[in-house]
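Worksheet for the structure shown next.
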2 protein chains.
Amino acid sequence: MTQFMDVHHGMKGITADQLNQVHQADLAVEKDEGVHFERAWADPESGTVYCLSDGPSAEAVQRVHARAGHPADEIHPVPLSIW
Amino acid sequence: MTQFMDVHHGMKGITADQLNQVHQADLAVEKDEGVHFERAWADPESGTVYCLSDGPSAEAVQRVHARAGHPADEIHPVPLSIW
């Protein structure tokens with residue numbers, strides 16, 4: 001399993017409720033792909049959303065987002081992390 | 001205090017040791033600006049690094065990164081988050 005950071009653009013004005021709704025939509029279908037979405041962050045002003053996930057591949061992460069109705073614009077594996 | 005996600009490009013081939021070194025360089029000077037760098041993720045293949053921080057402003061976050069020798073290419077406030 002690899003960690004992935006994906007980025008969505010064009011979500012200007014997203015609210016906390018909407019961010020929660022799209023995250024729940026991911027959680028509802030992620031198990032089929034062996035993916036888990038851990039965290040999400042949103043900048044309503046620029047319309048940027050970042051999602052952190054674990055999964056077998058970027059394609060699997062994208063399939064979850066696509067099935068949930070919001071394909072990502074970029075997906076980067078982030079095998080290195082610090083916290 | 002606001003959370004910020006910043007992005008660095010052009011760090012192809014970054015290693016775990018190098019990611020740790022740049023993160024430690026941030027931690028060494030962050031207090032002067034009232035910033036705290038919480039986490040960092042790196043994609044050595046595309047050369048992209050993401051940093052999550054708390055701070056008073058994007059400018060303060062950038063001053064820490066600049067003093068540590070690696071100014072960010074993008075800094076987004078992320079007032080909304082889920083985890």
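Letters go in sequence order (proteins before strands), and every chain restarts at 1.
- Expressed to the nearest 0.5 Å, how far CD1 of Ile75(A) lies from CG of Asp43(B) amounts to 12.0 Å.
- With a 4.5 Å cut-off on non-hydrogen atoms, Gln3(A) touches chain B through its side chain but not through its backbone.
- Within the structure, the ring pair (Phe, Tyr, Trp, His ring centres under 6.0 Å) test picks out the following pairs touching residues 40-64 of chain A (sequence neighbours left out): Trp41(A)-Trp41(B).
- A distance of 7.5 Å separates CD of Glu74(A) from OG1 of Thr48(B), quoted to the nearest 0.5 Å.
- Partners of His23(A) under the ring-ring contact (aromatic ring centres under 6.0 Å, His included) rule, at least two apart in sequence or in another chain, do not exist in this structure.
- For Glu38(A), the CD atom sits in a packed shell: over 12 heavy atoms of surrounding residues, nucleotides or ligands are nearer than 6.0 Å.
- One finds the CZ atom of Arg39(B) at 6.0 Å from the CZ atom of Arg39(A) (value rounded to the nearest 0.5 Å).
- Of the two parts of Val7(A), only the side chain, counted from C-beta on, holds a non-hydrogen atom closer than 4.5 Å to a non-hydrogen atom of chain B.
- Following chains of ILVMFWY side-chain contacts shorter than 4.5 Å, one cannot reach Val78(A) starting from Ile14(B), and the two form parts of different hydrophobic clusters.
- Partner of Leu80(A) under the side-chain contact (heavy atoms from CB on, under 4.5 Å) criterion, out of Asn20(B), Leu19(B), Val49(B): Leu19(B) alone.
- Here the closest non-hydrogen pair linking Pro79(B) and Pro44(A) is CG-CD, 3.7 Å.
- Between Ile82(B) atom CD1 and Cys51(A) atom SG the span is 8.5 Å, to the nearest 0.5 Å.
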